[in-house]
Structures are given as C-alpha cells and as structure tokens.
Amino acid sequence: MPRLTSVQTTLLLPPALICAVLLFVGGPGPESLRSVRYGWVAGHLVCFVLWSYLYLSWRSHLSVRRLLAEVVLFCFVAGGMTEILQSLVGREPSWQDVYNDVLGGLVAVLFLSPQRKQLLAPTRYALQFGLLLIVLWGLIPLSRAVVDDVVSHYQFPLLSGFEACLEDTRWGGKSRRLVDRDLAYEGERSLRVKLVAGRYPGVFLNHFPSDWRGYAAFQMYVHNPQEEVFELHLRVHDHHHRLNDNVHRDRFNTTLLLEPGWNRVRVMLAEIAGSPRGRDLDLQRVAGVGLFAVYLEHPQIIHIDAVRLLTHEEVVLDD
C-alpha cells in the first residue's frame, strides 16, 4: 500500500482528529433518540476504519497477514485505552465499543488495503463476506431504531397502537411482551404483557416523542383477563426525575383498579404536571410511562392498546 500523499493526509487527518475529540466530548444523552444512541456506537466502527487506514499507509511494506495481526492489536489496545480514558471523564466504558473498533480495523484491511490481494481469491472473498455479514448484523439495531423513531414521529400523538411493526420495541420492563393479533381494543393488534412473579413487575413505555405540551390528557386501554379486579400502578416521569434519584414523590403516581375486560385509563396532563412535590413535571421532556404491580405471587397477563395523547377538543367530545 503506497504511503498517503500530502494532499490525502491533509484530507484524512481532520476527520481523524474530529473522531478522536468526539470519543470524549459530546455524544448522546438520556434524552437522545434511540437511533442517535445506536448511531453513536456504530460511529466507533467508522472512526477505526479511518484510523486503521492511516495506520496501514504507515506500515505499507508489511504482508497482509502481518497487517491483520497488527491492526487487530492496534484497535484492541487503542480502543481499550479509549474506554479507560472515557471512564475518567464521566463516560461509561463498553466492550461493545472495543468490538466495533476491531471490526473497523478488519474492514480497513480486508476491503481497503491493496495487500488484501495477497490472499487467495476464495479466501479473500470468504473473509470479506463473513465480515460484511457481521457488520450488517451489528447494524440491525440501528436500522430498527431509525425506522421506529421515524414511525413514532409520524404517529404522534399516538404513542403505541401496535399496528406498525417494531412498536413493541418502545417498551421494556420486568415482563414478557409480544404483539397479539387475537385481541385488540381498536385495530387488529395489541401488546400482550406477561407480568412476571415477584416484586415490581411491570411494562414501561421508554421511547416516544417527549414534548406533550399542547395536549390535555394521556389515555390507554388495558385489558384484564381475570374475573376479579386487578390492581396496577401507573407512573409518569420526566428527564429531571432521573437526576433526582428517581424518588417516588418526584413523579406522577396513581393506582388503577382494573375491572375484567377492557379498561379505559385516562389522566389529565394538568394532574400529571402537578404531581411532583415542590415542582412541576416538565411536559416538554416526558421520559417514561409505566404500568407495574407492587408484588405478584404468580405471573399475570394483561393487554395494552391505543396509547395516545388527547387534545382538549377530543376530551370534551368524548365526555
């Protein structure tokens, strides 16, 4: 591989230095979209493709096998040191980042270096194909997040109706979840939630447009398949709540007594905003909605559907 010309070096060094800075400055926060967070992780791969390409030019006299060994070692050591340094400036170290760093180095050697042609064609193509599959597999979470973030934006003020694919990925919690085609309040699908036995099993809506200003109420439908009333708790919190140690009094909380069958759950946003003690919940930065039980002796199943915000006009007409 020929050494880079001064022009090529001039073009490549600025983005390489920018990548180095971005490893320690900026980056997604707790309010960032999933697609931004996954994209930032994938950025490690891009960063080390660039750095490895510069390294390959410097070591252009070596064989492809020696380059593979050196680049993998370089990416592992440099990536590991980066994670250690990140932990010193308040960033969370991750083995996933180091893994992506090494993948970036392998991409540079097997796809960009002229020395790759030293490998027999069948071997080279097999390695490239395998590496490409690994990279594409690793990009699936990013692709899914991008698609659902876009869908979520266009669905709003519907937060989840479960008619579009990937909507269940917006939810988490101590429960087992799947989209059910056999039972729905509206449309053809709902979210079937199996609450596990133990303390605080629940289901949480974690990914959605966070600015709820201009709306009047939060509404969802919950199906109780039991023959007796089932008690659950509803909570809503904003991003400030995470900075306040997630204390109970710093969010909206209410108890729900679910009758058998479908139950409409509606809470006015003014009530949600006024719930935290000593402050107003920030309706511009709502961070999560949860349904949970305090304790369950046995697993319980519920269904959730038609989770949305309502305007003042919709509340008046519905009443």
Side-chain angles (χ1 to χ4, degrees), residues 28 30-38 140-212 218-225 230-239 241-242 246 251-254 256 258 262-267 272 285-294 296 299-310:
E31 302 180 42
S32 302
L33 293 173
R34 284 173 294 169
S35 52
V36 174
R37 294 200 294 270
Y38 283 122
I140 288 177
L142 171 60
S143 303
R144 288 163 59 91
V146 169
V147 169
D148 193 55
D149 281 347
V150 172
V151 171
S152 176
H153 172 77
Y154 282 102
Q155 282 182 332
F156 190 74
L158 178 68
L159 302 176
S160 273
F162 308 106
E163 301 302 309
C165 64
L166 302 179
E167 286 191 57
D168 57 308
T169 64
R170 303 172 194 174
W171 297 76
K174 292 175 64 176
S175 58
R176 299 174 182 174
R177 303 166 300 279
L178 59 86
V179 174
D180 193 341
R181 298 174 181 268
D182 297 326
L183 180 65
Y185 180 80
E186 63 180 37
E188 298 179 351
R189 305 177 185 180
S190 66
L191 185 67
R192 182 183 186 272
V193 180
K194 184 176 183 179
L195 302 171
V196 300
R199 292 184 61 82
Y200 302 114
V203 57
F204 291 84
L205 176 61
N206 299 315
H207 306 289
F208 53 87
S210 62
D211 190 350
W212 290 11
F218 167 83
Q219 179 174 287
M220 66 191 306
Y221 285 86
V222 184
H223 185 269
N224 172 19
F230 182 41
E231 181 178 294
L232 282 178
H233 301 270
L234 174 67
R235 56 171 284 181
V236 181
H237 67 274
D238 59 7
H239 288 284
H241 178 65
R242 295 169 173 169
N246 297 304
R251 63 176 186 246
F252 170 79
N253 303 278
T254 192
L256 307 176
L258 302 176
W262 284 106
N263 295 258
R264 186 184 77 176
V265 177
R266 178 184 291 180
V267 184
I272 292 176
R285 304 171 69 196
V286 180
V289 178
L291 273 178
F292 66 96
V294 175
L296 289 179
Q300 300 286 351
I301 292 175
I302 61 173
H303 283 74
I304 298 173
D305 201 3
V307 186
R308 59 164 45 89
L309 302 180
L310 301 177

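If you read the sequence from its start, that first residue is 1, and numbering goes on from there.
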Asker: Under the 3.5 angstrom rule, does the side chain of K194 hit a backbone N or O of L178 as a donor-acceptor pair?
Answerer: no

Asker: Are any of the side-chain heavy atoms of S190 and H223 separated by less than 4.5 Å?
Answerer: no

Asker: Could you walk me through whether L159 and V289 pass the side-chain contact (heavy atoms from CB on, under 4.5 Å) check?
Answerer: CA-CA 10 Å; L159 302 176; V289 178; 5.5 Å; no

Asker: Looking at F156, I want to see if its CZ is surrounded by more than 12 non-hydrogen atoms of other residues, nucleotides or ligands under 6.0 Å.
Answerer: yes

Asker: Is the side chain of S35 donor-acceptor paired with the backbone N or O of A145 at a distance under 3.5 Å, no angle test?
Answerer: no

Asker: Of L309, I272, V236, which meets side-chain contact (heavy atoms from CB on, under 4.5 Å) against V286?
Answerer: V236

Asker: Which label fits F162 and W171: parallel for a plane angle under 30°, tilted from 30 to 60°, or perpendicular past 60°?
Answerer: tilted

Asker: CZ/R308 to CZ/F218 distance, rounded to the nearest 0.5 angstrom?
Answerer: 11.0 Å

Asker: What are the two closest heavy atoms between K174 and R199, and how far apart are they?
Answerer: NZ-O, 2.7 Å

Asker: Does L291 form a side-chain contact (heavy atoms from CB on, under 4.5 Å) with V265? I'd like the steps, not just the answer.
Answerer: CA-CA 11 Å; L291 273 178; V265 177; over 6 Å; no

Asker: Does E188, at its CD atom, have more than 12 non-hydrogen atoms belonging to other residues, nucleotides or ligands within less than 6.0 Å?
Answerer: no

Asker: Using side-chain heavy atoms (C-beta onward) and a distance below 4.5 Å, is N263 in contact with L256?
Answerer: no

Asker: Quick check: closest heavy atoms across G187 and A184, and the distance to 0.1 Å?
Answerer: O-CB, 3.8 Å

Asker: For the backbone of R251 and the side chain of N253, can you confirm whether one donor and one acceptor N or O come within less than 3.5 Å of each other?
Answerer: yes

Asker: Show, in sequence, the C-alpha distance, side-chain angles and deciding distance for D148 and H207, and conclude whether the side-chain hydrogen bond (donor to acceptor under 3.5 Å, both in side chains) test is met.
Answerer: CA-CA 9 Å; D148 193 55; H207 306 289; over 6 Å; no

Asker: Would the distance check show the side chain of E163 and the main-chain N or O of R189 forming a donor-acceptor pair, the cut-off being under 3.5 Å?
Answerer: yes

Asker: Below 30° counts as parallel, above 60° as perpendicular, anything between as tilted: where do the rings of F292 and F204 land?
Answerer: parallel

Asker: What heavy-atom pair brings G161 and E167 nearest, and what distance separates the two atoms?
Answerer: N-OE1, 2.8 Å

Asker: Closest heavy-atom contact between S175 and L195?
Answerer: CB-CD2, 4.1 Å

Asker: For F208, is the CZ atom crowded, meaning more than 12 foreign heavy atoms sit under 6.0 Å from it?
Answerer: yes

Asker: State, yes or no, whether a side-chain contact exists between D238 and H241 at a heavy-atom distance under 4.5 Å.
Answerer: yes

Asker: Is the H303 ring parallel, tilted or perpendicular to the W262 ring (thresholds 30°, 60°)?
Answerer: perpendicular

Asker: Please step through side-chain contact (heavy atoms from CB on, under 4.5 Å) for the pair R34 and R170, ending with a clear verdict.
Answerer: CA-CA 10 Å; R34 284 173 294 169; R170 303 172 194 174; 4.0 Å; yes

Asker: Got L166 and V151 here, is their nearest side-chain heavy-atom distance under 4.5 Å?
Answerer: no

Asker: Test side-chain contact (heavy atoms from CB on, under 4.5 Å) on H153 and D149 and set out the steps.
Answerer: CA-CA 6 Å; H153 172 77; D149 281 347; over 6 Å; no

Asker: Just wondering, do L296 and F230 contact through their side chains at under 4.5 Å, heavy atoms?
Answerer: yes

Asker: Quick check for you: to the nearest 0.5 Å, what is the distance between I304 atom CD1 and D180 atom CG?
Answerer: 12.5 Å

Asker: Measuring from atom CG of L158 to atom CD of Q219, what distance do you get when rounded to the nearest 0.5 angstrom?
Answerer: 11.0 Å

Asker: Flag the pair L191 / S160 as yes when at least one side-chain heavy-atom distance between them is below 4.5 Å, and no otherwise.
Answerer: no

Asker: Answer yes if the side chains of H233 and R235 hold a donor-acceptor pair under 3.5 Å, and no otherwise.
Answerer: no

